[in-house]
Chemist: 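Quick one: this structure, given as structure tokens, is what I'll be asking you about.
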Amino acid sequence: MIEIELDGKKVEVAEGSTVMHAAEKAGTYIPHFCYHKKLSIAASCRMCLVDIEKAPKPMPACATTVAPGMVVHTQSDKAIKAQQSVMEFLLINHPLDCPICDQGGECQLQDLAVGYGGTKSRYEEEKRVVVPKDVGPLISMQEMSRCIHCTRCVRFGQEMAGVMELGMSHRGEHAEIETFVGQTVDSELSGNLIDLCPVGAITSKPFRYSARTWELSRRKSVSPHDSTGANLIVQVKNSKVLRVVPFENEAVNECWIADRDRFSYEALNSDERLTAPMLKQGGEWKAVDWQTALGYVANGLKQVRSEHGAASIGLLASPHSTLEELHLATALVKGLGSANIDSRLRNAEFTAPEGVRYLGTSIASLSELQRVLVIGSNLRKDHPLFAQRIRQAARKGGVVSSLQDQDQDWALPVTHKLMADATVWVQALADVAAAIAAEKGVQAPATGSVSAIAKDIAQSMLSGERKAVLLGNAAAHHARASSLLALANWIGEQTGASVGYLTEAANTVGAQLAGATPSSGGLNTAQILGGSLKAVILLNNEPEFDSAVGARARDALTQADMVVSLNPFKANMEFADVLLPIAPFTETSGSFVNAEGRLQSFHAVVKPLGETRPAWKVLRVLANLLDIAGFEFESSQDVLRAVPGVQTTPQGAVVAADRLSNATRATIDLSAAHGKPVTASIYQLDGLVRRASSLQLTADAKLSGKAQEVLA
């Protein structure tokens, strides 16, 4: 540790730290623009100039390394005058357009100009003008004349997103930030550029001119998309969600969110929202009140049960539903006397649950991995924030290996790529296990041949200290998923690596915890969509898009006597008989359990739209109409306390650690699987992102659309 004096205070910081780090530790604010704690040092804005004794001139705090006995003054006349001079230069060419700037009210330049800017400019020359740029549907670069060349956006692309889509061209007064030869910004993390820009040069295109920051109410929430469980601030005006930004949580999403977390709110205000219960009568949809709709559903389920038995009723639940909704859905089906419930919508193998499958380590630890083997995942698109953490591990020297069926650009260095058709992934992983066995002189768990690439992966995983074997969405949905897990566990035991699933959805872990899988004798997703059931309830999903069956689900569900769709949108209208409008995550309270097993609860941020009601309330009332006991809940918190495996602590509810397990007793089946695993592309994952208009205009959405056309 090194001790320095900062504004008369003694401060101890680690060797190699900068004056800025010392100031942060001391609680002293030094004005800055280009400095960001997650990015490399650029020292380009010079706003953080401070007075260091014995230094001939003011020095940038962000780039000056501390030395023993250093004496720093941040408030001296020398420092203040230097900062005021820098501010004067920054404002020479800055347009005076604060009244129409989207950044107004939350602009660093605006804030610091109050403290360090002059009352008038000494310059009378014309200001420079930078040509506006169209870089895609999500971020706006229409006012690049505001840019102060802090290069935060450039460094973010290089270091965090892994793709240098922006750069600085030309020099002097002609310098500007732009894409390469007019290309668009297509990173799945591009929205973070909006938060990083300190001056309003880069703004949100969907939010543009919608509201002023001081008009917005700010409310915490949790992302309902992938399994990161990113913490959000949802910003609301007149009971309408207008913007979503990250809430900093170092243990989960740091200070970033993916684009689908940021822009999917557009679907909440779309014309496709279902705002009242609807019944299909004579082939036409008619809006009805809740009493009529729920009475119709209850009577229909009672009739089906009496005529065909409880086993003819099934429920498909989305893993994007809350823990409370999944618990009540499970209890409702069991209360009817049926065991036909499943949330594993895209799976091809349906083994009996042996434990709640999860990440096997903490999300934060992904940034520190020295060796990682990723199996069956398009990491960058399936889990953008996990990929960002593994990218940081790779930047620190971590070695990444992968097993996949096609070469994908993860925007990070993948040292060893084992390419194999998905149908023979078990054999390919067995080859890696055989190579590890040969290196260690132990018995291999299955017959395998030691290829050169298998040997490279084996040697990599046997070296280093902090290691992980991670199974992605395609591995979880694989027809030999249990064999892949058994092999992964063996590799983990032999190499000292943690083993876990990246998990697909916001509540994949929670769905397992709630028991939303068929019990003994119950039907799984594939069987429920096989066309044999008389009544099917769909909780927050669209089987045509959310299941491995795909378009065949339409024909199967058309054969049922009654299909009930609980959904925030006008979905499943082709084959459903009843549509019940349930609240999306912004209009209900609930909990999600992310990949690492972290339970995060949230509250509604706006009132339900129209006649929309929270799904847990709908399920509770429906159970009461069906005379099912055990549904006397007054709040979602009451429901949460009833979920097995959830413990209440003074800090809040948590998942019991003994429920989380990736252990398996499955035997290894080396035979080739039939068919390839079904996974969702980045902007087809759930109903919200599918209906977010700006996300559907991105390059990723267009690419997945073309892929679907080819498959069709």
Side-chain angles (χ1 to χ4, degrees), residues 219-234 244 247 249 251-253 257 261 264 317-332 341 343 356-359 362-363 385 501 503-517 539-541 566 568 582-606 608 612-620 630-631 633-660 685-688:
R219 292 150 192 178
K220 287 177 61 177
S221 192
V222 179
S223 169
H225 305 303
D226 66 35
S227 58
T228 307
N231 289 202
L232 311 175
I233 294 290
V234 181
V244 175
F247 180 79
N249 186 335
V252 182
N253 56 298
I257 54 175
D261 302 328
S264 66
S318 168
H320 297 277
S321 301
T322 68
L323 185 58
E324 294 81 355
E325 293 163 3
L326 290 162
H327 173 70
L328 292 184
T330 303
L332 176 70
I341 179 171
S343 58
V356 174
R357 306 308 194 198
Y358 76 118
L359 187 61
S362 68
I363 291 174
L385 294 176
Y501 284 97
T503 71
E504 179 186 41
N507 215 17
T508 297
V509 176
Q512 300 171 75
L513 195 70
T517 51
L539 175 60
N540 198 24
N541 66 87
L566 288 79
I582 60 169
F585 79 107
T586 51
E587 299 170 19
T588 184
S589 56
S591 309
F592 292 135
V593 183
N594 71 1
E596 69 178 359
R598 181 186 296 263
L599 190 151
Q600 300 183 107
S601 296
F602 54 91
H603 296 288
V605 300
V606 291
T612 297
R613 295 291 181 268
W616 72 267
K617 289 187 177 181
V618 176
L619 292 166
R620 180 194 65 186
F631 278 76
F633 300 108
E634 295 298 323
S635 68
S636 62
Q637 287 79 10
D638 290 344
V639 182
L640 181 62
R641 284 189 283 269
V643 179
V646 172
Q647 299 173 337
T648 302
T649 70
Q651 291 75 35
V654 296
V655 175
D658 59 356
R659 291 294 306 276
L660 302 172
L685 181 63
D686 57 70
L688 276 173

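A quick note: this is a predicted structure, and the numbers were derived from the prediction, not measured.
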Chemist: With a 4.5 Å limit on heavy-atom distance, are the side chains of V655 and V509 in contact?
Modeler: no
Chemist: To the closest 0.5 Å, what do you measure between CD (E325) and OG (S318)?
Modeler: 9.0 Å
Chemist: Working note: T503 + S227, criterion side-chain hydrogen bond (donor to acceptor under 3.5 Å, both in side chains); need CA distance, chi angles, decisive distance, verdict.
Modeler: CA-CA 6 Å; T503 71; S227 58; 3.1 Å; yes
Chemist: Would you compute the distance between atom OG of S321 and atom CZ of F592 and round it to the nearest 0.5 angstrom?
Modeler: 8.0 Å
Chemist: For a 4.5 angstrom cut-off between non-hydrogen side-chain atoms, does L513 reach H327?
Modeler: no
Chemist: Residues two or more places apart in sequence or in another chain: which of them pass salt bridge (Lys or Arg N to Asp or Glu O under 4.0 Å) with E324?
Modeler: none
Chemist: Quick one: side chain to side chain donor-acceptor pair (under 3.5 Å) partners of N541, sequence neighbours excluded?
Modeler: none
Chemist: So, taking the atom named CD in Q512 and the one named CG in L323, what distance separates them when rounded to the nearest 0.5 Å?
Modeler: 11.5 Å
Chemist: To the nearest 0.5 Å, what is the distance between NZ on K220 and CG on N249?
Modeler: 8.0 Å
Chemist: Considering non-hydrogen atoms only, spot the tightest contact between A317 and L326 and give its length.
Modeler: CB-CD2, 3.5 Å
Chemist: Could you work out, with side chain to side chain contact (heavy atoms under 4.5 Å, CB included) as the rule, every residue matching T648, not counting sequence neighbours?
Modeler: R641
Chemist: For R219, what residues pass the side chain to side chain donor-acceptor pair (under 3.5 Å) criterion, not counting sequence neighbours?
Modeler: none
Chemist: Kindly give the heavy-atom pair with the smallest separation between V646 and A653, and that separation in Å.
Modeler: CG1-CB, 3.8 Å
Chemist: Measure across G229 and V252 and return the closest heavy-atom pair with its distance rounded to 0.1 Å.
Modeler: O-CG1, 3.4 Å
Chemist: For the CG atom of L688 and the OG atom of S264, what is their distance to the nearest 0.5 Å?
Modeler: 5.5 Å
Chemist: What is the minimum heavy-atom distance between V244 and I257, and which atoms define it?
Modeler: O-CD1, 4.2 Å
Chemist: Residues two or more places apart in sequence or in another chain: which of them pass side chain to side chain donor-acceptor pair (under 3.5 Å) with S223?
Modeler: D261
Chemist: Treating R659 as the side-chain partner and P644 as the backbone partner, does any N or O pair qualify as donor plus acceptor under 3.5 Å?
Modeler: yes
Chemist: Rounded to the nearest 0.5 Å, how far does CG of N253 lie from CG of L232?
Modeler: 7.5 Å
Chemist: Carefully, step by step, assess L619 and L566 under the rule side chain to side chain contact (heavy atoms under 4.5 Å, CB included).
Modeler: CA-CA 10 Å; L619 292 166; L566 288 79; 4.2 Å; yes
Chemist: So, E587 side chain and T612 main chain: donor-acceptor pair closer than 3.5 Å or not?
Modeler: no
Chemist: Any side-chain to backbone donor/acceptor pair from R357 onto Y501? Under 3.5 Å, distance only.
Modeler: no
Chemist: Can you give me the closest heavy-atom contact between L640 and S591, atom names plus distance?
Modeler: CD2-OG, 3.7 Å
Chemist: When you compare the side chain of N507 with that of V593, does any pair of heavy atoms fall below 4.5 Å?
Modeler: yes
Chemist: I want to check something: taking the side chain as every heavy atom from C-beta on, are I582 and L539 in contact at a cut-off of under 4.5 Å?
Modeler: yes
Chemist: Which pair of non-hydrogen atoms, one from S343 and one from P319, has the smallest distance, and what is that distance?
Modeler: O-CD, 3.6 Å
Chemist: Using the test salt bridge (Lys or Arg N to Asp or Glu O under 4.0 Å), find all partners of R598 that sit at least two apart in sequence or belong to another chain.
Modeler: E596
Chemist: Are V222 and F585 packed together at the side-chain level, in the sense that at least one heavy-atom pair is separated by less than 4.5 angstrom?
Modeler: no
